[in-house]
Participant: 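Got a structure for you, questions after.
As the structure is a computational prediction, the values presented were derived from the model and not from experiment.
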Amino acid sequence: MAAPAETPAPPLAFAVEMFLDHLRFERGLSDQTLDAYEHDVARMATFARAQGRAGPRDITTADLRAFILLLKDMGLAPSSIARNLAAIRTYFRFLLGENLVVADPSERIDTPKAWKKLPDALSVDEIARLVEAPDLSHPLAWRDRAMLEFAYASGVRVSELTDLRVRDLHLDEEFASVYGKGAKERLVPVGRRAIGAMAIYLRETRPRLDRGKTDGRVFLNARGGPLTRMGVWKILQAHVKAAGIERRVTPHTLRHSFATHLLEGGADLVAVQEMLGHADIGTTQIYTHVDRHYLAQEHRAHHPRAK
């Protein structure tokens with residue numbers, strides 16, 4: 001979908017001239033502001049017409065989301081997109097007042113200020129350097145490697161990582177049970193490299209650390225207690241430095257890298273959402289049951305370290 005670079009002549013059915021007259025004579029806006037409104041609304045109207053919409057009554061919220069994404073793809077700054085959206089909202093409020101539309105499709109569109117900036121994903125090469133950074137001569141190296149491999153293999157939140165119990169691991173089946181927000185259980189696939197590191201850690205390192213006061217948690221600190229979020233963060237920072245990665249990396253970076261690499265590799269979006277345990281109904285309205293065999297297939301086929 002391409003938008004014209006120049007301000008197009010708005011289709012008559014969209015009542016843009018009537019809208020501009022309202023702004024000019026009833027609200028007394030300056031010529032400069034009127035030009036901006038005309039440009040923004042006319043571009044939206046031309047886009048809608050190209051999508052087969054005969055007039056403003058036919059425009060849906062999905063149409064406006066597609067238009068906003070197009071502006072983003074064109075490289076417009078968030079401030080410019082916010083201005084476009086403000087003009088569109090003013091336009092639809094006017095149309096509602098004139099009974100030219102029966103609903104305002106712009107009501108549920110987020111402004112750029114509300115957009116969340118996702119952390120940068122690490123590259124596949126950076127992930128490889130990171131998980132291989134622990135010095136295997138160090139007593140806790142296999143704990144660290146298992147933790148990094150598991151975090152990237154599963155895409156779990158740091159709270160889910162620190163709360164993981166031994167009983168939640170089903171490594172023979174290449175799965176783990178994870179309890180996310182609201183204590184809701186989900187099954188996450190675990191790739192073979194993570195399984196290998198976890199097996200060594202569980203067999204050789206964890207028994208030396210466990211002092212019986214961990215409630216079965218998988219990842220333990222040097223004193224034998226459960227790793228905390230701060231403990232995970234400190235371990236991660238040490239290995240980020242050792243791997244020569246010169247940018248900010250947090251536990252959530254691994255979760256975002258997990259999702260990014262799966263999607264870039266061609267994994268199904270719904271399967272990735274299910275693995276993340278994140279049903280973003282406010283924007284995508286996508287949430288569906290996916291069986292564990294299908295999740296395992298998607299993970300094995302598209303995760304860089306699943307084989």
Participant: Using only atom types and a distance under 3.5 Å, with no angle test, would you say the side chain of E160 pairs donor to acceptor with the backbone of R157?
Facilitator: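 Looks like yes, one N/O pair under 3.5 Å.
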Participant: Quick one: pull up OG1 in T205 and CZ in R145 and give me the separation to the nearest 0.5 Å.
Facilitator: 12.5 Å
Participant: Could you tell me which non-hydrogen atom of L148 sits nearest to which non-hydrogen atom of L130, and how far apart they are?
Facilitator: CD1-O, 3.6 Å
Participant: Using a strict 4.0 Å threshold on nitrogen-to-oxygen distance, state whether R24 and D21 make a salt bridge.
Facilitator: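 D21 and R24: salt-bridged.
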Participant: Quick one: does E126's side chain have a donor or acceptor within less than 3.5 Å of a partner on V240's backbone?
Facilitator: no
Participant: Quick one: does Y201's side chain have a donor or acceptor within less than 3.5 Å of a partner on V218's backbone?
Facilitator: yes
Participant: Are any side-chain N or O atoms of H261 and backbone N or O atoms of L122, one a donor and one an acceptor, separated by less than 3.5 Å?
Facilitator: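 The answer is yes, because a donor-acceptor pair under 3.5 Å joins these two groups.
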Participant: For R165, is there any backbone N or O sitting under 3.5 Å from a side-chain donor or acceptor partner on D168?
Facilitator: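 Yes: the side chain of D168 pairs with the backbone of R165.
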Participant: Less than 4.0 Å between a side-chain N and a carboxylate O, is that true for R186 and E274?
Facilitator: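 No, no charged N to carboxylate O under 4.0 Å.
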Participant: Around R211, counting heavy atoms of other residues, nucleotides and ligands shown, do more than 12 lie under 6.0 Å from its CZ?
Facilitator: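 Yes, enclosed.
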Participant: Hey, are R93 and D104 close enough for a salt bridge, meaning a charged N less than 4.0 Å from a carboxylate O?
Facilitator: no
Participant: Hey, does D163 have a side-chain heavy atom less than 4.5 Å from the side chain of V178?
Facilitator: no
Participant: Is the closest side-chain heavy-atom distance between P226 and F219 below 4.5 Å?
Facilitator: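 When only atoms from C-beta onward are counted, F219 and P226 do not touch, as no gap falls below 4.5 Å.
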Participant: Using modelled atom types and a 3.5 Å cut-off, is there a donor and acceptor pairing between side-chain atoms of R255 and backbone atoms of V156?
Facilitator: no
Participant: For the OH atom of Y37 and the CG atom of L20, what is their distance to the nearest 0.5 Å?
Facilitator: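 Atom-to-atom, Y37:OH and L20:CG are 10.5 Å apart.
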Participant: Transitively linked via ILVMFWY side-chain contacts under 4.5 Å: Y152 with W233?
Facilitator: no
Participant: So, R129 side chain and G244 main chain: donor-acceptor pair closer than 3.5 Å or not?
Facilitator: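 Pair found, side chain donor or acceptor close to backbone of G244.
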Participant: Between N84 and R43, what is the shortest heavy-atom contact and its length?
Facilitator: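 Nearest pair, atom of N84 first, then R43: OD1-NH2, 3.2 Å.
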Participant: Using 0.5 Å steps for rounding, measure from the CG atom of L202 to the CH2 atom of W142.
Facilitator: 12.0 Å
Participant: Counting only heavy atoms not in R203, do more than 12 fall under 6.0 Å of its CZ?
Facilitator: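 Yes.
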Participant: Between F19 and Y91, how do the two ring planes meet: parallel, tilted or perpendicular, split at 30° and 60°?
Facilitator: perpendicular
Participant: How far apart are the closest heavy atoms of F67 and D40, and which atoms are they?
Facilitator: CZ-O, 4.5 Å
Participant: Does Q32, at its CD atom, have more than 12 non-hydrogen atoms belonging to other residues, nucleotides or ligands within less than 6.0 Å?
Facilitator: no
Participant: Taking I59's backbone N and O only, do any of them form a donor-acceptor pair with D63's side chain (distance below 3.5 Å, no angle check)?
Facilitator: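 Between the backbone of I59 and the side chain of D63 there is no qualifying donor-acceptor contact (under 3.5 Å).
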Participant: Show your working on side-chain contact (heavy atoms from CB on, under 4.5 Å) between R83 and H39 and close with a plain yes or no.
Facilitator: CA-CA 11 Å; R83 189 201 71 192; H39 178 275; 4.3 Å; yes
Participant: Stepwise, does the side-chain hydrogen bond (donor to acceptor under 3.5 Å, both in side chains) test hold for D135 with S137?
Facilitator: CA-CA 5 Å; D135 179 358; S137 66; 2.8 Å; yes
Participant: Considering non-hydrogen atoms only, spot the tightest contact between M275 and P189 and give its length.
Facilitator: CG-CD, 4.0 Å
Participant: Would you say that R27 contacts H22 through its side chain, given a criterion of any heavy-atom pair below 4.5 Å between the two side chains?
Facilitator: yes
Participant: Test side-chain contact (heavy atoms from CB on, under 4.5 Å) on S177 and L187; report intermediate values, then the result.
Facilitator: CA-CA 5 Å; S177 298; L187 296 174; 3.4 Å; yes
Participant: If you define the side chain from C-beta out and look only at heavy atoms, does anything of R53 sit under 4.5 Å from F47?
Facilitator: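 Side chain of R53 against side chain of F47, heavy atoms only: no contact under 4.5 Å found.
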Participant: Indicate, with yes or no, if Y179 and L164 share a hydrophobic cluster defined by side-chain heavy-atom contacts under 4.5 Å among Ile, Leu, Val, Met, Phe, Trp and Tyr.
Facilitator: no
Participant: Kindly indicate whether the side chain of L227, heavy atoms from C-beta on, has any atom under 4.5 Å from the side chain of K234.
Facilitator: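 The answer is no, as the side chains (C-beta and beyond) never meet within the 4.5 Å cut-off.
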Participant: Can you tell me how far the OG1 atom of T162 sits from the CG atom of N221, to the nearest 0.5 Å?
Facilitator: 12.0 Å
Participant: Between R57 and V102, is any pair of side-chain heavy atoms under 4.5 Å apart?
Facilitator: yes
Participant: Verify the distance criterion only: is there a donor paired with an acceptor across the side chains of T253 and T250 at less than 3.5 Å?
Facilitator: yes
Participant: Indicate, with yes or no, if M44 and L100 share a hydrophobic cluster defined by side-chain heavy-atom contacts under 4.5 Å among Ile, Leu, Val, Met, Phe, Trp and Tyr.
Facilitator: yes
Participant: So, the side chain of T61 versus the backbone of P105: is there a donor-acceptor pair under 3.5 Å, distance only?
Facilitator: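 Such a contact is found between T61 side chain and P105 backbone.
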Participant: Could you measure the distance from the CE atom of M147 to the CG atom of L161? Nearest 0.5 Å is fine.
Facilitator: 6.5 Å
Participant: Output, in order, the C-alpha distance, side-chain angles, deciding distance and verdict of side-chain contact (heavy atoms from CB on, under 4.5 Å) for I88 and F92.
Facilitator: CA-CA 6 Å; I88 291 168; F92 276 105; 3.7 Å; yes
Participant: Please find the pair of heavy atoms, one from L96 and one from A103, that lie closest to each other, and give the distance.
Facilitator: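 Result for this residue pair: CD2-N, 3.8 Å.
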Participant: Under 6.0 Å from the CZ atom of R229, do we count more than 12 heavy atoms belonging to anything else shown?
Facilitator: no
Participant: Would the number of heavy atoms belonging to other residues, nucleotides or ligands and lying under 6.0 Å from CG of D172 be above 12?
Facilitator: no
Participant: May I ask whether I245 and V124 are part of the same hydrophobic cluster, defined by side-chain heavy atoms of I, L, V, M, F, W, Y residues being less than 4.5 angstrom apart, directly or through others?
Facilitator: no
Participant: Are I200 and L136 connected in the hydrophobic side-chain network, where two residues link if heavy atoms are under 4.5 Å apart?
Facilitator: yes
Participant: Can you check whether E132 reaches H239 side chain to side chain, under 4.5 Å on heavy atoms?
Facilitator: no
Participant: Would D144 and H138 count as a side-chain contact (heavy atoms from CB on, under 4.5 Å) if you check the C-alpha gap in whole Å, the side-chain angles of each, and the deciding distance to 0.1 Å?
Facilitator: CA-CA 10 Å; D144 295 359; H138 192 280; 5.8 Å; no
Participant: Taking only Lys NZ, Arg NE, NH1 and NH2, and the carboxylate oxygens of Asp or Glu, determine whether E204 and R143 approach each other closer than 4.0 Å.
Facilitator: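 Salt bridge flag = no for R143 with E204.
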Participant: Are the side chains of L140 and I235 in touch, meaning some heavy atoms are under 4.5 Å apart?
Facilitator: no
Participant: Check L236 against P251 and note the closest heavy-atom contact, atom names and distance.
Facilitator: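 Closest pair (atom of L236, atom of P251, distance): CD2-N, 3.4 Å.
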Participant: Do R193 side-chain atoms and F150 backbone N/O form a donor-acceptor pair below 3.5 Å?
Facilitator: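 The answer is no, because no donor-acceptor pair under 3.5 Å joins these two groups.
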Participant: Could you give the distance from CG (L64) to CG (L69), rounded to the nearest 0.5 Å?
Facilitator: 11.0 Å
Participant: Between F175 and H170 (judged by ring centroids, cut-off 6.0 Å), do the two rings come close enough to count as a pair?
Facilitator: no
